[in-house]
Amino acid sequence: MLQRHSSTAHSAYADLRRSLLDERATEIRGTPVRVERNGRRYWYDNYRVGAEVKRRYIGEETEALLETLTRHRALRAERDERRRKRTRLVRLLRNEGYLNVDPATGSLLNALASAGVFRLGGTLVGTNAFRLYEGELGVRMALDDAAMTNDLDIASFERLSLALAADDGVDPKMEDVLGEFQFAPAPSLERGKTWRWRQTRSETFVEFLTPSFDDEEGLRELPALGVSAQSLHFLNYLIAEPIQAVALYRSGVLVQAPRPERYAIQKLIVSERRRDGIDSLKSEKDRRQAAFLIDILAEDRPDELAEALEDARSQGLRGRGAKWREKIDAALKRMPETAAKLAALG
């Protein structure tokens, strides 16, 4: 049985996210300018430093972003009150029983967000992203499915990172951010390229990933983030059109996460890739997370779930096709109740 949080708490989460999005707008120093690229619209902050005009990435155009940009100057005057309100909202959510982020992970996420990782296209993936759907969907999570892992995985599109790097990048540099938390580069098969950092005092890893659009998986560059990234199949589907989500640490940390319906379907696919051997336990967890999300999405967001499933099954799209459908079908054979819910979508 799905257990839902109260409507008051769900509204508080929405208010918390809205306040953090407003806070991002207060960082605008000059004039917001729209740039069109490959049929999509992006907004930048154009400002002057001496005789030089600089440009800082704000985000892809959405109705919410446009509304925020129209009042960014007024928002700046309300920063202190919004911060106090966010503290109250986080306290309310904790009292409601929402999952906290442990201090170590929360402080790291906060540092990455402050450096611009999520603003510049980084998307949190894996269980750390799954935990954030509690606020997005307003449902309680079982600790078995949402237990913290030692890895913090961040994915981004290579082309987007290349485009953003012409004008913007993380500040401070990634090695400096991670160095503050005693992370050191892990050895890589390609000399001079680092995509994985290990914390010297623990078994915690930070890994950077990017979609692979061909048959090869290797290292690619994410210049806006100043890192290399391991390219993997199925990530292009997962991180398309991500959402803004809030990690409950201090007065909230705004991060980017996959859409829950895409996360659910992608977990069906990857569960089949690692069902045997040492990854079999991860495969079971993949299926549990997928089943949990599909249960709630089939009830609350059936159209979005159906669209995500059809997208993954579709043919003729680069990197997808028959292999994707085969893995989805194989996973659902092990999950008859979940298969029935998806079949009922029509």
Side-chain angles (χ1 to χ4, degrees), residues 122-133 141-142 144-158 195-196 205-220 229-243 256-297 304-305 307-315 317-339 341-342:
T123 300
L124 193 64
V125 297
T127 296
N128 283 295
F130 175 78
R131 291 167 59 91
L132 301 177
Y133 298 138
M141 288 186 168
D144 287 347
D145 296 333
M148 297 292 292
T149 66
N150 288 333
D151 293 341
L152 188 69
D153 298 331
I154 297 170
S156 182
F157 285 106
E158 180 183 10
W195 67 277
R196 195 173 192 234
F205 287 89
V206 174
E207 301 177 348
F208 291 90
L209 311 170
T210 193
S212 173
F213 291 97
D214 49 41
D215 292 334
E216 296 184 2
E217 295 183 350
L219 297 186
R220 306 283 193 273
Q230 175 68 49
S231 61
L232 297 175
H233 299 311
F234 311 115
L235 272 180
N236 54 318
Y237 169 83
L238 176 65
I239 65 174
E241 302 177 340
I243 63 172
Q256 193 161 260
R259 305 191 70 83
E261 62 272 17
R262 287 181 176 268
Y263 186 101
I265 302 303
Q266 195 255 5
K267 281 298 179 183
L268 294 177
I269 296 170
V270 299
S271 71
E272 284 301 297
R273 297 193 73 193
R274 51 190 189 187
R275 69 183 184 186
D276 300 317
I278 61 174
D279 285 335
S280 60
L281 291 178
K282 291 183 178 180
S283 180
E284 291 178 11
K285 187 174 182 180
D286 290 336
R287 290 193 294 271
R288 288 200 308 271
Q289 289 184 355
F292 176 87
L293 290 176
I294 289 169
D295 278 353
I296 185 65
L297 292 168
E304 289 92 333
L305 180 59
E307 182 179 330
L309 178 61
E310 176 60 28
D311 190 15
R313 288 184 179 277
S314 62
Q315 295 189 59
L317 296 178
R318 197 175 185 186
R320 306 182 193 173
K323 289 183 179 179
W324 287 42
R325 293 196 306 278
E326 289 172 5
K327 292 185 184 300
I328 292 171
D329 292 342
L332 291 176
K333 284 182 179 179
R334 302 167 181 269
M335 308 164 64
E337 292 184 5
T338 299
K341 288 181 181 296
L342 290 176

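Bear in mind the structure is a predicted one, so any value in this text is a computation, not a measurement. Starting from 1, each residue takes its place in the sequence as its number.
Residues Arg131 and Thr127 bring no donor and acceptor atom of their side chains to less than 3.5 Å of each other.
Within the model, atoms CG of Leu219 and OG1 of Thr210 stand 10.5 Å from one another, a figure rounded to the nearest 0.5 Å. Taking CD of Glu241 as the start and CZ of Arg259 as the end, the distance is 6.0 Å to the nearest 0.5 Å. A distance of 10.0 Å separates CD in Glu272 from CG in Asp286, rounded to the nearest 0.5 Å. Considering CZ of Arg287 and CG of Leu332, their distance stands at 11.0 Å, rounded to 0.5 Å. Remark: Met141 CE to Tyr133 OH distance equals 8.5 Å, nearest 0.5 Å. Interatomic distance, OG of Ser271 versus CD of Glu284, reported as 10.5 Å (0.5 Å rounding).
A donor-acceptor pair under 3.5 Å is absent between the side-chain atoms of Thr123 and the main chain of Gln256, judged by distance alone. Looking only at distances, no side-chain donor or acceptor of Arg262 sits under 3.5 Å from a matching main-chain atom of Ala308. With hydrogens and angles disregarded, no donor-acceptor distance shorter than 3.5 Å links the side chain of Ser212 to the backbone of His233. Between the Asn128 side chain and the Asp151 main chain, a donor and an acceptor come within less than 3.5 Å of each other.
Looking at every heavy atom in both residues, Ala264 comes nearest to Ala290 through O-CB, 3.5 Å. When every heavy atom of Ser231 is checked against every heavy atom of Arg220, the shortest pair comes out as OG-NH1, 3.8 Å. Heavy atoms only, all atoms of each residue included: Pro258 and Leu124 are closest at CD-O, 3.0 Å. For the residue pair Ala129 and Ala257, the shortest heavy atom distance occurs at CB-CB, 4.4 Å.
Of the residues Lys323, Arg313, Arg334, the one that meets the salt bridge (Lys or Arg N to Asp or Glu O under 4.0 Å) test with Asp329 is Arg313.
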> How far apart are the C-alpha atoms of Leu293 and Phe130, what are their side-chain angles, what is the distance that settles it, and do they pass the side-chain contact (heavy atoms from CB on, under 4.5 Å) test?
Replying inline: CA-CA 9 Å; Leu293 290 176; Phe130 175 78; 3.8 Å; yes
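Crowding of Glu307 atom CD: a count of heavy atoms from other residues, nucleotides or ligands under 6.0 Å not exceeding 12.
In this structure Glu158 satisfies the side chain to side chain donor-acceptor pair (under 3.5 Å) test with no other residue, sequence neighbours excluded.
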